[in-house]
Amino acid sequence: MRHEKQNFYHSGPSHLTSIDWQNTQHQRSVAACLVQGVYVVERDRQEEREALAPPWWEFFHFKLLYKLVDDDGPSIFGDDPSIFGAIYEFNSPEEGIPRFVIAFRGTLRTKRTILRDFRLNLQVLLNRLHQEPSFKIAMQAVRKMVDAVGDSNVWLAGHSLGSAMAMLAGKIMASNGIFLKSFLFNPPFVSAPIERIKDKRVKHGLRIAGSVITAGLTLAMKAKQQPQQRSHSEENPFTTLSAWFPSLFVNPADDICSEYIGYFEHRKKMEDIGAGAIERLATQNSLGGLLMHAMGKQPAPEPPLHLIPSANLTVNLTRSRDLKEAHGIHQWWRDDLQLQSEVHKYR
């Protein structure tokens with residue numbers, strides 16, 4: 001069946017007939033399904049078919065309140081607005097249940113979206129997602145919902161490219177003291193895939209070297225700043241974000257997101273060997289961005305999108321058949337996963 005993965009009753013968690021909203025597994029499954037709903041509603045639009053999308057939210061008693069549409073991106077079909085996100089509303093608000101969930105899809109490899117999504121992925125790599133019209137639409141939607149109903153009533157969710165969008169929106173809100181519950185599935189980590197190296201000593205050595213160089217470049221850049229700039233930079237935005245604990249869901253077989261495993265593990269190892277001060281400086285800066293700045297290729301680098309101080313990190317240790325499965329949204333609503341979860345707090 002061609003559309004079986006898009007059919008909720010064929011591939012979705014239809015066994016979840018009763019949701020315990022205090023159960024983190026149930027929360028994860030529902031959030032993943034709402035993200036899948038965005039993928040499928042865009043496929044429904046493109047294929048002009050009988051809608052397959054509604055069960056992905058209606059099964060859990062949500063309704064689709066708004067579609068977030070990007071009508072500015074490039075398309076080989078000319079003017080072809082793409083649905084990249086959705087705002088869902090729970091049908092009967094209760095204590096402990098999210099009233100609204102804002103969800104963002106990742107890349108769709110179809111003729112009508114591939115150019116637009118490729119550009120957005122490139123902007124993530126270049127740390128320029130904040131400049132994109134679609135992100136500005138997303139950020140406006142998040143701000144409006146929070147202003148209207150309060151931060152405790154709004155959840156964020158996203159997959160891959162969509163999780164980068166949700167993460168950036170969450171970071172901006174957190175920098176203003178608003179901490180939104182967030183579910184980030186396979187979030188991209190812009191780095192060489194060091195986690196793939198099997199030799200633990202080599203891997204650890206590379207990470208230590210990277211931390212020392214990054215911390216050194218950061219100190220050198222600060223030393224060159226004018227006193228007024230230095231005073232302003234002492235108000236560390238990274239520390240401000242440390243009270244926000246987004247839920248990150250990663251798969252070690254997925255090179256797009258697996259570096260988050262090493263990113264957080266390395267912090268602990270650096271503390272253990274007495275190099276915590278170096279890592280606290282390195283963990284908030286991108287080596288690539290610092291090098292580009294040092295060579296005069298760009299002004300003072302923007303805070304790296306993918307680096308966050310604190311998180312609830314969940315790793316799917318279940319064996320994946322291939323990269324496509326390891327990076328897929330479908331894994332995250334399964335109830336037979338071998339998961340390892342840990343809270344990481346920046347100190």
For Glu48, which residues count as a side chain to side chain contact (heavy atoms under 4.5 Å, CB included) partner, sequence neighbours excluded? none

Show me, pair by pair, the donor-acceptor contacts under 3.5 angstrom made by side chains of residues 175-184, not counting sequence neighbours?
residue: Ser175; atom: OG; partner: Ile172; partner atom: O; Å: 2.6
residue: Asn176; atom: ND2; partner: Ile172; partner atom: O; Å: 3.1
residue: Ser182; atom: OG; partner: Leu180; partner atom: O; Å: 3.0

Please give me the minimum heavy-atom distance between His130 and Phe135, naming the atom from each residue. CA-CD2, 3.7 Å

Which salt bridge (charged side-chain N to carboxylate O under 4.0 Å, His left out) pairs, counting each pair once, include a residue from residues 320-338, with sequence neighbours left out? Arg321-Glu325, Arg334-Asp336

Would the number of heavy atoms belonging to other residues, nucleotides or ligands and lying under 6.0 Å from NE2 of His330 be above 12? yes

Supply the members, apart from Phe245, of the Ile/Leu/Val/Met/Phe/Trp/Tyr cluster built from side-chain contacts under 4.5 Å; use none for a lone residue. Val343

From CA spacing to verdict: ring pair (Phe, Tyr, Trp, His ring centres under 6.0 Å), Phe189, His306: CA-CA 6 Å; Phe189 192 102; His306 61 287; 4.6 Å; yes

Quick one, Arg143 and Met173 - any side-chain contact, counting heavy atoms below 4.5 Å? yes

Any side-chain heavy-atom pair of Lys111 and Gln46 under 4.5 Å: no

Considering only heavy atoms from C-beta outward, does the side chain of Asn316 approach that of Leu339 to under 4.5 Å? yes

Any side-chain hydrogen bond (donor to acceptor under 3.5 Å, both in side chains) pairs touching residues 98-107, not counting sequence neighbours? Ser82-Arg105, Arg105-Asp117, Thr107-Asn121

Members besides Phe118 in its Ile/Leu/Val/Met/Phe/Trp/Tyr cluster (side-chain heavy atoms under 4.5 Å): none

Could you work out, with side chain to side chain contact (heavy atoms under 4.5 Å, CB included) as the rule, every residue matching Gln140, not counting sequence neighbours? Lys144

Any donor-acceptor N or O pair under 3.5 Å, side chains Gln331, Thr318: no

Residues passing the side-chain hydrogen bond (donor to acceptor under 3.5 Å, both in side chains) test with Ser160, sequence neighbours excluded, are His327

Evaluate the side chain to side chain donor-acceptor pair (under 3.5 Å) criterion for residues Trp332 and Asn186: first the C-alpha distance (whole Å), next the side-chain angles of each, then the deciding distance (0.1 Å), finally the verdict. CA-CA 10 Å; Trp332 298 113; Asn186 302 83; 2.8 Å; yes

Please identify each residue that fulfils side chain to side chain contact (heavy atoms under 4.5 Å, CB included) with Ala164, with sequence neighbours left out. Val124, Leu129, Pro188, Leu305

Under the salt bridge (charged side-chain N to carboxylate O under 4.0 Å, His left out) definition, can you give me all pairs with a residue in residues 54-66, not counting sequence neighbours? Lys63-Glu89

Spacing of Met165 atom CE and Phe104 atom CZ [to the nearest 0.5 Å]: 6.5 Å

Using side-chain heavy atoms (C-beta onward) and a distance below 4.5 Å, is Thr314 in contact with Leu248? no

Gln131, CD: over 12 other non-hydrogen atoms inside 6.0 angstrom: yes

Residues which pass salt bridge (Lys or Arg N to Asp or Glu O under 4.0 Å) with Arg45, listed by chain and number, not counting sequence neighbours: Glu42, Asp80

Would you list the pairs meeting ring pair (Phe, Tyr, Trp, His ring centres under 6.0 Å) in which at least one residue belongs to residues 24-59, sequence neighbours left out? Phe8-Trp56, Phe8-Phe59, Tyr39-His159, Trp56-Trp333, Trp57-Tyr88

OH/Tyr66: more than 12 non-hydrogen atoms of other groups inside 6.0 Å: no

